[in-house]
2 protein chains.
Amino acid sequence: MLRMSRITDYGIVLLTKLAADAAAAERAEGSADSPTSTAPETIHNARELAARAGLPLPVVSKILKTLTRGGFLVSQRGARGGYALARRPEEISVASIIDALEGPIALTECGTEPQGACERESRCAVRQPWQRINREVRKTLERVRLSDLAGPGPDFDDSHAAFPLLLQEPLPVSPGSGAPAAD
Amino acid sequence: MLRMSRITDYGIVLLTKLAADAAAAERAEGSADSPTSTAPETIHNARELAARAGLPLPVVSKILKTLTRGGFLVSQRGARGGYALARRPEEISVASIIDALEGPIALTECGTEPQGACERESRCAVRQPWQRINREVRKTLERVRLSDLAGPGPDFDDSHAAFPLLLQEPLPVSPGSGAPAAD
DNA sequence: AGATAGAGGACCGTTCGAGTCCAGTAAATA
DNA sequence: TATTTACTGGACTCGAACGGTCCTCTATCT
């Protein structure tokens with residue numbers, strides 16, 4: 001199914017919420033005297049985020065810890081502590097989030113392993129092409145930023161084309177192949 | 001790790017070998033009197049393919065059966081039986097192969113499930129964007145054809161740029177985000 | 001001091017995928 | 001026709017990975 005783990009899925013949802021809140025707070029206070037992104041308004045603790053996302057607290061807690069280690073969040077311990085985005089949403093790509101939560105993006109193992117690590121490499125005819133496919137999928141995921149996922153606001157509308165970069169038409173396929181693959 | 005199953009990986013390797021052989025046979029006989037792609041030269045049995053790929057026979061057998069059910073191969077029972085490509089390599093997309101071997105391509109579950117199937121949908125802020133990401137990754141995989149993986153021949157060379165469509169430069173990211181995400 | 005909340009890591013149960021095996025059937029050949 | 005070859009379909013097992021929980025420690029605020 002070419003899927004990523006549920007943890008990553010949850011992680012992106014959580015980051016999206018934080019990004020949306022940060023954007024809302026920034027908008028609300030204008031250019032006030034709270035310059036840092038760790039202003040109290042943008043700090044949320046795990047319990048609150050778990051409740052809002054409808055996910056169990058331990059899971060959310062684990063994910064937030066990982067994201068902090070990965071440099072996406074800054075944490076504040078103790079009473080009134082919590083998490084806040086460490087960077088602006090536009091500076092965080094979906095690819096980097098996936099990297100942090102479940103290792104480097106690669107459809108096949110030979111995409112990440114150093115060359116020569118696969119004992120079947122000698123008779124493997126597709127290593128090079130796969131590496132290119134991996135690269136291309138990765139580029140796609142790098143183009144998408146957290147700010148794209150957060151959307152323009154709570155009244156998010158699909159027709160707004162949140163990230164128009166993804167709406168480009170697919171390039172024409174190889175000439176001569178009239179019928180596309182059945183799918 | 002955003003990976004697909006090993007079975008799918010193997011399946012693509014096997015199909016690639018069959019595609020390369022079919023192309024070689026077609027080239028060798030020119031436009032002889034064997035019009036169908038199921039000519040004896042292009043039939044290979046599971047045992048042979050397993051040996052050439054360096055994979056266990058039962059696994060290869062299982063994969064070939066699945067691919068036959070999916071319409072990618074035609075099978076011939078009995079002595080001197082085997083498998084042959086059902087379609088031309090240019091007509092088979094990597095996306096469709098993945099579909100056949102491990103279900104529809106979707107990074108998250110909400111990409112495939114019918115709308116409303118996720119009980120968290122009401123508070124899920126990222127469903128729509130994810131569906132677009134899924135769609136884009138899928139397009140990427142649809143652009144790549146089996147013929148691209150097979151390469152120009154046995155003396156396959158990376159510099160030949162087997163599928164130039166994938167070598168396009170990445171589009172510029174959202175303006176205003178100077179620093180790319182750390183990865 | 002006490003309460004709050006993150007940090008870190010151990011732990012467990014379930015699921016899922018890889019891989020094996022077997023009985024059945026179709027086709028070719030001797 | 002008997003035998004061999006080879007695909008068909010499905011059941012089955014083993015192990016790893018993942019989701020999820022829990023516990024202890026530390027830092028910070030009131």
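Keep in mind the model is a prediction, meaning the values are calculated, not measured.
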**Prompt:** So which one's nearest nucleotide on DNA chain C is more toward 5', Ser75(A) or Lys62(A)?
**Reply:** Ser75(A)
**Asked** In whole angstroms, how far is the C1' atom of dG6(C) from the NE2 atom of His44(A)?
**Response** 16 Å
**Message:** Of the options dT5(D), dG6(C), dG10(D), whose atoms approach the side-chain atoms of Lys65(B) most closely?
**Reply:** dG10(D)
**Request:** Check for a donor-acceptor pair, side chain of Thr16(B) on one end and backbone N or O of Ile12(B) on the other, with a separation under 3.5 Å.
**Result:** yes
**Item:** Nearest-angstrom distance from the residue atom CZ of Arg80(A) to C1' of dA3(C)
**Value:** 14 Å
**Message:** Go through it in stages, so that I can follow the logic: the residues are Arg52(B) and Asp21(B), the test is side chain to side chain contact (heavy atoms under 4.5 Å, CB included), and I'd like the CA-CA distance, side-chain angles, deciding distance and then a yes or no.
**Reply:** CA-CA 12 Å; Arg52(B) 284 173 57 195; Asp21(B) 286 355; 2.7 Å; yes
**Prompt:** Any side-chain N or O of Arg6(B) under 4.0 Å from OP1/OP2 of dG19(C)?
**Reply:** yes
**Message:** Does Arg47(A) reach a base, just sugar-phosphate, or nothing at all? Heavy atoms under 4.0 Å.
**Reply:** nothing
**Asked** Looking at side-chain heavy atoms only, is the closest gap between Tyr83(B) and Thr68(B) below 4.5 Å?
**Response** yes
**Message:** I want to verify a distance call: between dG19(C), dA28(C), dG6(C), whose nearest atom is closest to the Ala46(A) side chain?
**Reply:** dG6(C)
**Asked** Would you call Phe72(B) and Leu85(B) a side-chain contact if the rule is heavy atoms closer than 4.5 Å?
**Response** no
**Item:** Rounded distance (Å) that lies between atom P of dG19(D) and atom CD1 of Ile63(A)
**Value:** 9 Å
**Request:** Give the rounded distance in Å between these two atoms: CD1 of Ile7(B) and C1' of dG17(C).
**Result:** 8 Å
**Request:** Just call it for Leu64(A): base, sugar-phosphate, or nothing, with non-hydrogen atoms closer than 4.0 Å on any strand.
**Result:** nothing
**Request:** Ignoring hydrogens and angles, state whether a donor on the side chain of Ser93(A) or Glu142(A) is under 3.5 Å from an acceptor on the partner side chain.
**Result:** no
**Item:** Short side-chain N/O contact from Tyr10(B) to OP1 or OP2 of dG17(C), under 4.0 Å
**Value:** no
**Item:** Listed nucleotide nearest any side-chain atom of Pro56(A), set dG17(C), dT21(D), dT8(D)
**Value:** dT21(D)
**Message:** Can you measure Arg77(B) atom CZ to dT29(C) atom P for me and round it to whole angstrom units?
**Reply:** 17 Å
**Asked** Which of the following nucleotides, dT8(D), dG6(C), dA28(C), is nearest to the side chain of Tyr83(A)?
**Response** dG6(C)
**Fill in**
When rounded to whole Å, the CD to P distance for the pair Glu48(A) and dT4(C) reads 16 Å
**Protein-nucleotide distance (Arg69(A), atom CZ; dG6(C), atom C1'), rounded to Å** = 11 Å
**Request:** Indicate whether OP1 or OP2 belonging to dA28(C) is found under 4.0 Å from a side-chain N or O atom of Gln76(B).
**Result:** yes
